[in-house]
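One structure is given here, and the rest of the page talks about it.
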Amino acid sequence: MHPARIGLVVLLAALLVAGAQAMRSNGEKTNQAAGQTTDIEMENPDPTALTIQPDIPSLKDVFAGDFKLGTAIPVSAITSQDGPDAQLLIKHFNSITAENELKWDATEPREGQFDFTRADPIVKFAVNNGIGLRGHTLVWHSQTPDWVFHDEAGNLVSKEVLFARMKQHIQTVAGRYKGQIYAWDVVNEVLEPGDHAPGGLRNSLWYQIAGEEYIEKAFIYAREVDPNAKLFINDYNTNMPDKRQDLYDLIKRLKDKGIPVDGVGHQTHIGIEYPSVQELDDMVTAFRDLAIEQQITEMDMSIYTNDVDAYDTFPLDLQIKQAKRYQAIFDVFRKHKDQVNSVTIWGKDDGNTWLRSFPVNRNNWPLLFDERLQAKYAYWALVDPDRVPEETSQAADSATHSGVWQVCHDEEANPTEGVVAPENAGCFADRLQPNTR
Ligand code: G3I
């Protein structure tokens, strides 16, 4: 190519890059739906330079009279037993959940071949530091290897074979950590009203092979192997009246049969606007007469109301709005502290949230500490609300936004690639009408 032409191409390329840079501005939306191709750099701080704030109040102490205060971690968070991540965990939390390391695909990837190399360090860290441990999760339709449900020919196995495989898994995994785990998510996300199965049960392979009985068996096996662990049924969107009623009815059926269900886990993956504080209050109230424990097991608060907006940085008005919302919701948890005995935030800091890759790859700031392990306004709202500025007028404008946030999961979607299955795309799209469920 003629040198002059090369120079022109280089100049054009430089102009294109400069143009893209100019489009970005702090806090300004980069609307991917409009086909704008601005890449959003994730904020990945230099991990060696992180330090925690040693002199701010410890969250676990702030809530000592109310409930355990927990978080979820990947095993990478404790590679260094005394690094800043470990220091943050030890200072602020008295409960830990392994984000992925105790799931079936991690602990028994092939039949009878168990692997605890990722789970053991988390359990050891919790035990060595006197931190409670929530086990997540024994029976789930996702992150469960295909071999569990199929024979060598690829056909679905019988109920008897499935139960034998489940029993071996639960006996081995829950047995290994007997006495070290105070609560197990025995079954996870067993309801899906959209599947239109009886009782709102999810039409998973578990259900297709064994019906509702698989849930009963999971609790029976778990109780047999660790009589002191509290056994939970865990799900998301348990604030939504239809699903909430399905869950209530299921727990009542199980308890009426003498199945050892000790508690209900409300995942509580919520947005900056939905669900309302009142709906979360009603959620806890709805289960009170079942005489079971209640735990908030996976709380995070996305700053978006849809799956197309994306911010380069966390706008101040949304920081304040998020803080006030965390404060109001924790006031509800405190109101029900006779029922709610553990609240887990699904991630220790904004640099470690699944919401930066689900439903799409984008910045998100759903937690209490930022990427540099510093306390956010959301933290101060729980500790010293006077430290949180008053909401700005811009926040008031966005409060009129009628978007409805409904968390849907499609485990077939690969969150790391930001691919949301088409049938789920609507779950994250902004909706004109409030959810009428
Ligand atoms: O370990 C592999 C790694 O080897 C591979 O290179 C990488 C890229 O493909 O993927 C890694 O596995 C990822 C795993 O997290 C561990 O990082 C999976 O792809 C990814 O899908 C998985 O996401 C987890 C998600 O559950 C799976 O459904 C999230 O971290 C985790 O926060 C999320 O947690 C769930 C709860 O268990 C149940 N409630 C909903 C909640 C959010 O989906």
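First listed ligand is number 1; within each ligand, the first listed atom is number 1.
At least one side-chain heavy atom of Val187 sits less than 4.5 Å from a side-chain heavy atom of Phe219. In this structure, Arg176 and Val173 have side chains that are not in contact, with every pair of non-hydrogen atoms separated by 4.5 Å or more. Leu382 has its side chain within reach of Phe63: a pair of non-hydrogen atoms, C-beta onward, lies under 4.5 Å apart.
Listed by number with element, the atoms of ligand 1 under 4.0 angstrom from any heavy atom of Glu189 are 38 (C), 39 (N), 40 (C). Atoms of ligand 1 found under 4.0 Å from any heavy atom of Gln143, numbered from 1 in the order shown, are 25 (C), 26 (O), 27 (C), 28 (O). Near His269, meaning under 4.0 Å from any of its heavy atoms, are these atoms of ligand 1: 40 (C), 41 (C). Interface atoms of ligand 1 facing Glu298, defined by a heavy-atom separation under 4.0 Å, are 36 (C), 38 (C), 39 (N), 40 (C), 41 (C). In the vicinity of Gln267, heavy-atom distances shorter than 4.0 Å reach the ligand 1 atoms 39 (N), 40 (C). Numbered from 1 in the order shown, with element, the atoms of ligand 1 that lie under 4.0 Å from a heavy atom of Asn188 read 38 (C). Close contacts between ligand 1 and Lys103 involve ligand atoms 26 (O), 33 (C), 34 (O), 36 (C), 37 (O) [criterion: under 4.0 Å to a heavy atom].
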Inset, instruction - Report the C-alpha distance between Asp331 and Gln327 in whole Å, list the side-chain angles of each, state the deciding distance to 0.1 Å, and finish with yes or no for side-chain hydrogen bond (donor to acceptor under 3.5 Å, both in side chains). - result: CA-CA 6 Å; Asp331 286 348; Gln327 180 184 352; 4.7 Å; no

Legend entry - Verdict with supporting geometry, Arg325 and Glu273, salt bridge (Lys or Arg N to Asp or Glu O under 4.0 Å): CA-CA 8 Å; Arg325 184 161 156 81; Glu273 291 181 1; over 6 Å; no

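When Asn100, Leu355, Asp235, Asp185 are checked for heavy-atom proximity to atom 15 (O) of ligand 1, Asn100 turns out nearest.
Below 30°, between 30° and 60°, or above 60°: for His92 and Phe369 the angle between ring planes is between 30° and 60°, a tilted geometry.
Residue contact annotation: Phe358 has no non-hydrogen atom under 4.0 Å from ligand 1. For Trp346, the closest heavy-atom approach to ligand 1 falls below 4.0 Å.
Using a 4.0 Å cut-off between heavy atoms, Trp140 contacts ligand 1 through its side chain alone, with no backbone atom that close.
The distance criterion of under 3.5 Å between nitrogen or oxygen atoms is not met by Trp354 with respect to ligand 1.
Annotation: salt bridge (charged side-chain N to carboxylate O under 4.0 Å, His left out) contacts involving residues 63-92, sequence neighbours excluded, comprise Asp66-Arg334, Asp66-Lys337, Asp85-Lys348.
A pairwise comparison of heavy atoms in Ala77 and Ile73 identifies CB-CB, 4.1 Å as the closest pair.
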